[in-house]
Amino acid sequence: MPSVILAKDQPFDLDLSLSCGQVFGWEREETAWRGIVGQKLIRIVQKGDRLSFSGADTGFIRYYFALDVDLPEILSSIDRDPVIHYAVSSCSGLRIIRQPPWECLASFICATYSNIPGIRKRVHLLCQNLGAPLSPEYPGLFSFPSPTAIAGAETCMLSGCSLGYRAGYLRETARVLAADTGWEERIDALSFPKARANLLRLKGVGKKVADCVLLFAFGKWESFPVDVWIERIMTRCYPECRDLRTYDKISDFGRAYFGKYAGYAQEYLYCCRTVLAGRVDAGKGRGGGSNLYVPDSQPER
DNA sequence: TCCCAGGCCGTCG
DNA sequence: CGACGGCATGGG
């Protein structure tokens with residue numbers, strides 16, 4: 001089984017990176033993770049500084065998990081107050097994965113107004129219902145369906161993926177992109193704002209989805225997606241955001257404040273969302289209020 | 001049972 | 001612009 005040894009000064013946490021809500025096509029097996037990326041069926045396990053894997057070559061693994069990125073350098077650039085410092089300290093080794101654009105885009109179209117387990121279910125169903133068999137070696141495992149496969153899917157197959165009202169958006173966007181080979185290269189070559197405007201023309205793609213795709217698939221690390229959790233965290237922990245009520249104002253603040261790696265800051269904050277939003281009790285009891293482990297909600301800086 | 005979830009779209013001031 | 005209702009589904 002091939003493996004890579006992580007550099008001592010380049011932390012990486014596989015579990016954290018795969019379970020933090022940036023990617024939805026991976027599942028835990030007994031000891032390892034199993035993931036479908038493109039046409040690859042990848043298994044990977046981490047033991048300390050050793051990453052052992054199958055189904056892909058070393059170059060792909062290093063690229064996909066962004067092991068070539070100087071993480072400490074990025075984190076030192078965003079670590080500018082007690083709030084983000086808490087998040088950075090709590091999520092050591094979290095890296096932003098480089099996802100294939102279509103899988104990422106389609107996943108986040110399916111992600112709107114849903115929780116993470118629900119998104120994972122939809123992604124899994126899409127693969128099972130509309131994906132291509134990976135190989136005779138892995139019966140029952142299917143790739144993420146291409147735009148063409150989704151555009152041409154029987155309505156009942158698409159509806160059977162628990163997509164709800166998102167099914168129409170996904171199908172329409174799949175239809176447009178199936179006829180637009182080269183869209184990935186085009187987006188990739190554009191600046192962040194132009195790429196964003198381009199993605200916003202697609203059905204089911206609003207600011208949040210566009211920003212997630214730019215961050216998680218196109219390496220536009222200044223992107224600062226704002227979901228309900230990030231909105232809570234920013235308005236609660238950052239006085240400058242106290243009264244900001246629109247998406248763009250919060251996102252623009254995040255980008256201006258954290259700089260060109262604002263997306264990393266966003267992801268670390270998101271990873272600590274229940275604590276930083278003051279909702280440790282969410283789902284049980286009355287929720288809200290507890291400040292366990294939370295740095296001062298109005299940090300002096 | 002209830003509330004909420006990595007929101008978007010159409011519409012109306 | 002900004003605000004607001006509707007939307008389908010599943011998880012806790």
Side-chain angles (χ1 to χ4, degrees), chain A residues 16-26 87 91 94 96-97 99 103-126 129 155-174 176 196-218 220-221 223-235 243-252 254 262-289:
Chain A
L16 202 49
S17 300
L18 287 179
S19 61
C20 69
Q22 59 175 321
V23 63
F24 308 102
W26 289 81
C91 302
L94 172 60
I96 292 181
I97 290 171
Q99 299 180 45
E103 301 178 11
C104 183
L105 174 56
S107 295
F108 277 97
I109 288 175
C110 298
T112 65
Y113 201 26
S114 303
N115 54 29
I116 289 174
I119 302 164
R120 301 176 67 88
K121 176 181 181 177
R122 293 188 187 121
V123 168
H124 180 257
L125 286 171
L126 278 169
N129 289 345
T155 299
C156 60
M157 288 304 277
L158 204 51
S159 315
C161 297
S162 297
L163 301 179
Y165 63 91
R166 306 162 192 82
Y169 301 149
L170 182 61
R171 184 202 291 279
E172 174 59 16
T173 287
V176 168
R196 189 181 196 242
N198 206 301
L199 287 177
L200 284 174
R201 298 179 309 183
L202 299 168
K203 295 297 183 195
V205 180
K207 293 166 182 174
K208 160 64 170 57
V209 171
D211 285 345
C212 282
V213 173
L214 292 171
L215 177 60
F216 298 136
F218 288 101
K220 313 281 188 192
W221 291 329
S223 178
F224 195 86
V226 179
D227 72 325
V228 293
W229 290 104
I230 292 296
E231 179 178 356
R232 284 176 198 140
I233 293 168
M234 295 306 288
T235 55
D243 300 314
L244 303 186
R245 277 311 295 174
T246 68
Y247 185 101
D248 283 332
K249 284 180 180 172
I250 297 174
S251 185
D252 287 346
Y264 269 86
Q266 188 273 359
E267 197 56 13
Y268 276 75
L269 293 172
Y270 181 80
C271 209
C272 297
R273 58 192 174 281
T274 56
V275 172
L276 292 179
R279 303 221 172 170
V280 180
D281 305 326
K284 312 171 184 176
R286 276 160 272 317

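Treat the numbers as computed from the prediction; the structure is a model and nothing was measured. Any value given below was found using the heavy atoms of this structure, including those in side chains, with hydrogens, waters and symmetry copies removed. Proteins come first, then strands; the chains are lettered A, B, ... in the order of their sequence lines, and each starts at number 1.
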message: Please report the distance, rounded to the nearest Å, between CG in A/Asp211 and C1' in B/dG7.
response: 12 Å

task: Could you check whether A/Glu267 gets within reach of a base, just the sugar-phosphate, or nothing at all, counting any heavy atom under 4.0 Å?
output: base

query: What is the nucleic acid contact for A/Leu202, judged by heavy atoms within less than 4.0 Å: base, sugar-phosphate only, or nothing?
result: sugar-phosphate

query: Choosing from C/dG2, B/dC8, C/dA8, which nucleotide comes nearest the side chain of A/Tyr113?
result: C/dA8

Any side-chain heavy-atom pair of A/Phe216 and A/Ile96 under 4.5 Å: yes

- prompt: Can you tell if the side chain of A/Ser17 reaches within under 4.5 Å of the side chain of A/Gln22, non-hydrogen atoms only?
  reply: yes

- prompt: Hey, mind stepping through A/Arg166 and A/Tyr113 against side-chain contact (heavy atoms from CB on, under 4.5 Å) and telling me if it holds?
  reply: CA-CA 10 Å; A/Arg166 306 162 192 82; A/Tyr113 201 26; 4.2 Å; yes

Atom-to-atom span, CD1 of A/Ile119 to C1' of B/dG7 - whole angstrom: 11 Å

message: Does a side-chain N or O of A/Lys121 approach OP1 or OP2 of C/dG10 to a distance below 4.0 Å, or not?
response: yes

- prompt: Counting side-chain heavy atoms from C-beta on, which of B/dC8, C/dA3, C/dC7 comes nearest to A/Thr246?
  reply: C/dA3

message: Assess the residue pair A/Ser223 and A/Arg196 against the criterion (side chain to side chain donor-acceptor pair (under 3.5 Å)); give the C-alpha distance rounded to whole Å, side-chain angles, the decisive distance to 0.1 Å, and a yes or no.
response: CA-CA 9 Å; A/Ser223 178; A/Arg196 189 181 196 242; over 6 Å; no

- request: Between A/Thr112 and A/Gly118, just flag the one whose closest nucleotide in DNA chain C comes earlier from the 5' side.
  value: A/Thr112

field: Non-hydrogen side-chain atoms of A/Pro225 and A/Lys208 separated by less than 4.5 Å
entry: yes

- prompt: Taking it one step at a time, do A/Asp227 and A/Tyr270 satisfy side-chain contact (heavy atoms from CB on, under 4.5 Å)?
  reply: CA-CA 9 Å; A/Asp227 72 325; A/Tyr270 181 80; 3.2 Å; yes

message: Is the shortest side-chain heavy-atom distance between A/Tyr247 and A/Asp211 below 4.5 Å?
response: yes

message: From CG of A/Leu125 over to C1' of C/dG11, roughly how many Å is that when rounded to an integer?
response: 15 Å

field: Interatomic distance where CH2 belongs to A/Trp229 and P belongs to B/dC3 [whole Å]
entry: 17 Å

message: Using heavy-atom distances to pick each residue's nearest nucleotide on DNA chain B, tell me which of A/Gly204 and A/Ile230 is more 5'.
response: A/Ile230

- prompt: Where the side chain of A/Arg122 is concerned, which of C/dT9, B/dA5, B/dC8 is the nearest nucleotide?
  reply: C/dT9

statement: The correct set of residues in residues 156-174 of chain A placing a heavy atom under 4.0 Å from DNA chain B is A/Tyr165, A/Tyr169

Nearest-angstrom distance from the residue atom NZ of A/Lys208 to P of B/dA5: 13 Å

- request: Take atom CG of A/Leu244 and atom P of C/dC1, then tell me their distance rounded to the nearest Å.
  value: 17 Å

task: Dump the intermediate steps for side-chain contact (heavy atoms from CB on, under 4.5 Å) on A/Leu199 and A/Leu202, then the final yes or no.
output: CA-CA 6 Å; A/Leu199 287 177; A/Leu202 299 168; 4.1 Å; yes

- prompt: Between atom CD1 in A/Ile109 and atom P in B/dC8, what is the gap in whole Å?
  reply: 10 Å

task: Nearest whole angstrom, please: distance from the C1' of B/dC9 to the CG of A/Leu199.
output: 17 Å

query: Side-chain N or O of A/Arg232 less than 4.0 angstrom from OP1 or OP2 on B/dA5?
result: yes

- request: Among C/dG11, C/dC7, C/dG2, find the nucleotide with the atom closest to the side chain of A/Asn115.
  value: C/dG11

- prompt: Base, sugar-phosphate, or nothing: which does A/Val228 touch, judged by heavy atoms less than 4.0 Å apart?
  reply: sugar-phosphate

query: Hey, does A/Tyr247 reach any base, or is it just sugar-phosphate, or nothing, if we go heavy atoms under 4.0 Å?
result: nothing

- line: Contacts of A/Gly21 and A/Lys203 projected onto DNA chain B by closest heavy atom; the upstream (5') one is A/Gly21

